[in-house]
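See below for the structure under consideration.
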Amino acid sequence: MSLKKSKSSRAEKVLSAVEQQQKINEVRKLIAPLSDDLPDFCSDASISRFLRARNWNSEKSSKMLKETLKWRLQYRPEMIRWEDVADEAKTGKIYRADYQDKFGRPVLVMRPGFQNTNSVKGQIQYLVYCMENAILNLPSDQEQMVWLIDFQDWTMASVSLKATRETAHVLQGYYPERLAVGILYNPSKIFEPFWKMVKPFLEQKTYKKVKFVYSDNPESQKVMLDLFDMDKLESAFGGHNQNGFDFLNFANRMKEDDKKMNALLSSRGSILCQDQPVASAPRRSISSLSDARSEDSSEASSSTELASPKSGCNDKLEKKDVNGNIGCKSNAVDGPQL
């Protein structure tokens with residue numbers, strides 16, 4: 001995959017509610033007939049996230065949304081289960097904390113220094129699983145999450161350039177506007193050149209959400225006080241909670257969430273928007289997305305590089321029909337802004 005430098009240097013547009021709705025309607029028309037085939041994925045809330053990620057440019061947003069839909073149809077992120085990723089999770093390199101921030105947003109703890117495998121495919125699969133799990137656990141009034149990135153034991157040897165590029169591509173391309181704030185906790189001096197190398201490849205909106213926090217800097221610690229209940233926050237991040245990562249406890253939580261996901265998929269007869277994970281896929285949408293993909297295969301050729309986590313899913317996918325799908329419903333633009 002070739003990760004291109006971000007070109008999003010323009011000032012963010014500020015639109016009125018009426019103008020936002022007009023843009024949402026434009027994107028809905030541009031992604032037709034997908035708006036009829038995949039109504040849940042073209043909710044106002046979902047389209048709004050893609051528009052915000054592309055500074056309210058309708059054409060760029062619709063292209064981004066089409067690419068995301070194609071990726072989800074091929075990769076099947078909603079079908080990943082705990083047993084598929086348990087080995088990747090053993091060290092606690094990524095996990096959803098058992099507490100939220102003060103706004104009720106899920107918290108993903110990331111410890112890149114705890115990397116325990118060499119498989120980029122497995123690492124990305126586990127990252128996607130954790131993202132889907134965090135989205136599954138979003139409260140109804142939230143659409144974003146917090147990332148706590150702990151640099152304990154991190155060295156340059158912890159870095160895989162390929163994994164870093166794949167991670168940036170997946171998170172920015174397929175989960176737009178899901179990050180509320182990313183906290184880099186106690187990054188070492190040797191991280192600075194790596195950050196300078198990575199920063200140009202991040203969307204401007206993304207790196208503006210990144211906060212550097214140091215345990216020996218009281219001023220930067222205010223970020224933690226503003227975001228978290230210190231009695232719930234782990235002691236590793238300056239909180240009072242002495243309970244750290246427990247693999248067995250985390251495994252049980254994830255297995256319970258897998259049951260929730262299964263129940264959700266069973267209860268829905270259509271593809272779900274990214275406010276909830278994808279359920280199934282209509283056959284016509286696959287061909288529509290392939291047509292859309294061919295229009296710009298050079299810009300995002302990596303979306304098909306990641307193999308599906310479930311073998312044979314594509315064959316099964318094409319045999320499934322969606323029942324009860326009607327036109328795309330219009331909902332008010334929602335979700336918090338950072």
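All values below come from the heavy atoms of this structure, side chains included, with hydrogens, waters and symmetry mates left out. By convention here, the first residue in the shown sequence is residue 1.
A salt bridge does not link E203 with K209: none of the charged nitrogens is closer than 4.0 Å to a carboxylate oxygen. Ion pairing between a basic and an acidic side chain is recognised when a charged N comes within 4.0 Å of a carboxylate O; R52 and E143 show such pairing.
Under the rule for a salt bridge (charged side-chain N to carboxylate O under 4.0 Å, His left out), the partners of D87 that lie at least two apart in sequence or sit in another chain are K90. Every residue two or more places apart in sequence or in another chain was checked for a side-chain hydrogen bond (donor to acceptor under 3.5 Å, both in side chains) with N57, and none qualifies. With sequence neighbours left out, the side-chain contact (heavy atoms from CB on, under 4.5 Å) criterion links L15 to K13, E19, Q20, K23, W56. With sequence neighbours excluded, the residues that form a side-chain contact (heavy atoms from CB on, under 4.5 Å) with V223 are I183, K211, V213, L227. Taking the side-chain hydrogen bond (donor to acceptor under 3.5 Å, both in side chains) definition, one finds that S58 meets it with E26, sequence neighbours left out. For K259, the salt bridge (charged side-chain N to carboxylate O under 4.0 Å, His left out) partners two or more places apart in sequence, or in a different chain, are E256. Shown here are the side-chain contact (heavy atoms from CB on, under 4.5 Å) partners of V18, two or more places apart in sequence or in another chain: S16, Q22. The side-chain contact (heavy atoms from CB on, under 4.5 Å) test applied to Q115 returns E88, K93, T117, Q123, not counting sequence neighbours. With sequence neighbours excluded, the residues that form a salt bridge (charged side-chain N to carboxylate O under 4.0 Å, His left out) with K260 are D257.
With a 4.5 Å cut-off on side-chain heavy atoms, I80 and E132 do not count as touching. Side-chain contact between S267 and L264 is present, with at least one heavy-atom pair separated by less than 4.5 Å. At least one side-chain heavy atom of L108 sits under 4.5 Å from a side-chain heavy atom of M131. W82 is not listed as a side-chain neighbour of N133, based on a closest heavy-atom distance of 4.5 Å or more. Between R96 and M254 the shortest side-chain heavy-atom distance falls below 4.5 Å. Annotation: side chain of L171 is in contact with side chain of L127 (closest heavy-atom distance under 4.5 Å). By the 4.5 Å heavy-atom criterion applied to side chains, Y174 and H169 are counted as neighbours.
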*With side-chain contact (heavy atoms from CB on, under 4.5 Å) as the test, would you mind laying out the steps for V109 and F245 before giving the verdict?*
CA-CA 10 Å; V109 177; F245 175 74; over 6 Å; no
*asked:* For a side-chain contact (heavy atoms from CB on, under 4.5 Å) check, start with the C-alpha distance between N241 and L233, then their side-chain angles and the critical distance, and finish with the verdict.
replied: CA-CA 6 Å; N241 182 359; L233 183 66; 5.9 Å; no
*asked:* Is there a side-chain contact (heavy atoms from CB on, under 4.5 Å) between I190 and W154? Walk through the geometry before answering.
replied: CA-CA 9 Å; I190 62 172; W154 187 89; 3.8 Å; yes
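Nearest heavy-atom pair, Y207 versus L202, reported as atom, atom and distance to 0.1 Å: CD2-O, 3.9 Å. The two residues A53 and K205 make their nearest non-hydrogen contact at N-NZ, 4.4 Å. Closest non-hydrogen pair, D258 versus Y129, comes out as OD1-OH, 3.0 Å. I31 and S62 make their closest contact through CG2-CB, 3.8 Å (heavy atoms, listed as atom of the first residue, atom of the second, distance).
Side chain of Y126 to backbone of I94: a donor-acceptor contact under 3.5 angstrom is found. With hydrogens and angles ignored, the 3.5 Å screen pairs no side-chain donor or acceptor of R105 with any backbone N or O of K102. A donor-acceptor pair under 3.5 Å links the side-chain atoms of S220 to the main chain of Y214, judged by distance alone. With hydrogens and angles disregarded, a donor-acceptor distance shorter than 3.5 Å links the side chain of S61 to the backbone of F50. Panel note: side chain N25, backbone Q21; a donor-acceptor pair is recorded below 3.5 Å. A donor-acceptor pair under 3.5 Å is formed between the side chain of D84 and the backbone N or O of R81.
A distance of 12.5 Å separates OG1 in T206 from NZ in K199, rounded to the nearest 0.5 Å. Rounding to the nearest 0.5 Å gives a distance of 11.0 Å between CZ of F151 and CE of M110. To the nearest 0.5 angstrom, L179 atom CG is 8.0 Å from M145 atom CE. The structure places CG of D98 at 7.5 Å from CG of N243, a figure rounded to the nearest 0.5 Å. Atoms CG and OG, from L51 and S46 in turn, are 10.0 Å apart once rounded to the nearest 0.5 Å. Atoms CD1 and NZ, on I124 and K162 in that order, are 9.5 Å from each other to the nearest 0.5 Å.
Shown here is N118, whose CG atom has no more than 12 heavy atoms of other residues, nucleotides or ligands within 6.0 Å.
In the hydrophobic cluster analysis, where Ile, Leu, Val, Met, Phe, Trp and Tyr join through side-chain heavy atoms closer than 4.5 angstrom, V14 is grouped apart from I24. Cluster annotation: L69 and L30 are assigned to distinct hydrophobic clusters (Ile/Leu/Val/Met/Phe/Trp/Tyr, side-chain heavy-atom contacts under 4.5 Å, transitive). One hydrophobic cluster, built from ILVMFWY side chains closer than 4.5 Å, cannot hold both F114 and F194; they sit in different ones.
A ring-centre distance under 6.0 Å is not found for F247 and F250. Ring pair W147/F237: centre-to-centre distance not below 6.0 Å.
Note on residues 182-191: pairs passing side chain to side chain donor-acceptor pair (under 3.5 Å), not counting sequence neighbours, are Y185-Q221, N186-S215. Listed by first and then second residue, the salt bridge (Lys or Arg N to Asp or Glu O under 4.0 Å) pairs that reach into residues 220-234 are R111-E234, E219-K222, sequence neighbours excluded. Sorted by first and then second residue, the salt bridge (Lys or Arg N to Asp or Glu O under 4.0 Å) pairs involving residues 242-255 (not counting sequence neighbours) form an empty list.
Aromatic ring pairs are classed by plane angle as parallel below 30°, tilted from 30° to 60° and perpendicular above 60°; the pair W71 and Y175 is perpendicular.
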